[in-house]
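Shown next, in structure tokens, is the structure this report addresses.
Computed over heavy atoms, backbone and side chain alike; hydrogens, waters and symmetry mates excluded.
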Amino acid sequence: MRLAPPRLPALPRAGIAPIGRGLLWTSGAALVLFLILPIIALFAEVIPGDGAWRTINDPVVTEALRLSLVTTAITVGITLALGTPLAYVLARRRFRGAVLLDTLLDLPLVLPPAVAGIALLFTFGRNGLLGGLIDDAGVNVAFTATAVVLAQLFVASPFYIKAAKAGFESVDPEVERVSHTLGEGELRTFFRVTVPLAAPALLGGIVMTWARALAEFGATIMFAGSLLGVTETVPLAIYDALQTDLDAALVLSALLVIVSFAVLFVLKVLLRRSPMRAGVGLEGANG
């Protein structure tokens, strides 16, 4: 005669108690409200005004926009050219000092921008570490558009490197080995196999690098200054306008908010639609 196994008492269903659920919603709503209210307040000041179009057409504003677009495009191009192979090496190779190198590459993400600007000034400035060599070559870097690009590159390129590294790590090395057995060389395999598979992460890194470069302020003003038509990007133009024309500062701030939101929204939509969602670093950094 087989005895039936004893019946165990039913366990309570997992879940969140009503009080806990209410607390979660309340705390979450409070933080969301805190993050959204300043944006609402900004647009509440801008929308009723009638000088937005006049401000955007102001030569000072158009010059700042032009300089920002040109310098950020150059920054992204340099980051792609130099950061892609570096990210691939970090993702695929194991070597002594890799952790140290990876940490150093992340350092600009947590450094105060003012520190980054001073460090760049004492590296490329006339009396800096490389200042003598640069001066002998007849090149002036500090307080020029070149300094703007270098400042953007320093603070923004780590975003792409982190994202690209995560994307390359998500690609199975076996896929690359199969490509090699089919007669494809390393370079062709990289561009025809690895890059397409890691494309979502690479795209995310590009967008975040561009957005961070566009918003860069601290390192730029320390290393490049704020010279109208030379180094005054949009964030610097906002800072200068706060002292003379509040309406212009508000319009430019609203414009940057719209651009930043559009960039992040498009990025998230593209990653959601992608069949392969590689890791993309969306960490914030001080501007």
Side-chain angles (χ1 to χ4, degrees), residues 72 74-124 128-130 149-180 185-187 189-191 193-220 222-223 264 267-268 271 274 276-287:
T72 53
I74 295 173
T75 297
V76 169
I78 296 174
T79 300
L80 273 173
L82 303 181
T84 303
L86 175 59
Y88 185 76
V89 169
L90 290 173
R92 284 288 187 263
R93 302 288 185 265
R94 296 294 176 264
F95 54 91
R96 184 177 300 177
V99 175
L100 176 61
L101 176 59
D102 198 36
T103 304
L104 289 173
L105 291 173
D106 286 344
L107 192 58
L109 297 176
V110 297
L111 274 180
V115 174
I118 292 174
L120 288 169
L121 186 61
F122 279 89
T123 302
F124 299 101
L129 184 65
L130 302 179
V149 173
L150 291 178
Q152 293 174 352
L153 188 67
F154 185 85
V155 302
S157 59
F159 283 90
Y160 176 77
I161 296 171
K162 284 177 65 67
K165 178 175 176 286
F168 291 139
E169 287 176 339
S170 68
V171 178
D172 189 351
E174 189 62 31
V175 177
E176 295 175 327
R177 282 193 286 267
V178 170
S179 176
H180 294 155
E186 289 192 8
L187 198 59
T189 296
F190 177 76
F191 283 107
V193 177
T194 310
V195 169
L197 290 175
L202 302 182
L203 175 62
I206 291 170
V207 172
M208 290 305 300
T209 297
W210 179 80
R212 179 64 186 87
L214 181 66
E216 165 50 31
F217 173 82
T220 304
M222 296 294 294
F223 181 42
L264 291 174
L267 171 61
K268 291 179 183 294
L271 292 181
S274 171
M276 174 185 175
R277 299 178 196 174
V280 178
L282 297 179
E283 296 90 340
N286 295 326

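The distance from atom CG of Leu153 to atom OG1 of Thr209, rounded to the nearest 0.5 Å, is 9.5 Å. Atoms OG and NZ, on Ser157 and Lys162 in that order, are 12.5 Å from each other to the nearest 0.5 Å. The OG1 atom of Thr189 lies 12.0 Å from the CZ atom of Arg177; values are rounded to the nearest 0.5 Å. Atoms CG and OG1, from Leu150 and Thr220 in turn, are 10.0 Å apart once rounded to the nearest 0.5 Å. How far CZ of Phe159 is from CG of Asp106: 10.0 Å, rounded to the nearest 0.5 Å.
Taking both residues in full, the closest heavy atoms of Phe168 and Arg92 are given as O-NH1, 3.0 Å, listed atom of the first, atom of the second, then distance. The minimum heavy-atom distance between Tyr88 and Thr194, with the atom names listed, is CE1-CG2, 3.9 Å. The shortest non-hydrogen separation linking Pro113 to Gly218 is CB-CA, 3.7 Å. When all heavy atoms are compared, the tightest approach of Ile161 to Ala87 is O-CB, 3.8 Å. Annotation for Val193 and Pro196: closest pair O-CD, 3.4 Å, computed over non-hydrogen atoms.
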I would like to know whether Met222 and Leu121 meet side-chain contact (heavy atoms from CB on, under 4.5 Å); could you show each step before the answer?
CA-CA 8 Å; Met222 296 294 294; Leu121 186 61; over 6 Å; no
Determine, step by step, whether Leu214 and Gln152 satisfy the side-chain contact (heavy atoms from CB on, under 4.5 Å) criterion, reporting the C-alpha distance in whole Å, the side-chain angles of both residues, the deciding distance to 0.1 Å, and the verdict.
CA-CA 8 Å; Leu214 181 66; Gln152 293 174 352; over 6 Å; no
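At most 12 non-hydrogen atoms from other residues, nucleotides or ligands lie less than 6.0 angstrom from CZ of Phe122.
Residues Leu105 and Leu90 have side chains in contact (heavy-atom distance under 4.5 Å, counting atoms from C-beta outward). Looking at Leu202 and Tyr160, their side chains come closer than 4.5 Å, going by heavy atoms from C-beta outward. The side-chain heavy atoms of Leu109 and Pro158, taken from C-beta on, include a pair separated by under 4.5 Å.
Looking at Glu174, its side chain never comes within 3.5 Å of a backbone N or O of Val178 through a donor-acceptor pair. Counting only distance, with no hydrogens or angles, the side chain of Glu169 and the backbone of Val171 share no donor-acceptor pair below 3.5 Å. Looking only at distances, a side-chain donor or acceptor of Glu216 sits under 3.5 Å from a matching main-chain atom of Ala219. A donor-acceptor pair under 3.5 Å is formed between the side chain of Ser170 and the backbone N or O of Gly167.
The distance between the ring centers of Phe154 and Phe124 does not fall below 6.0 angstrom.
When each of Leu82, Thr75, Val76 is paired with Thr79, the side-chain contact (heavy atoms from CB on, under 4.5 Å) condition holds for Thr75 and for no other.
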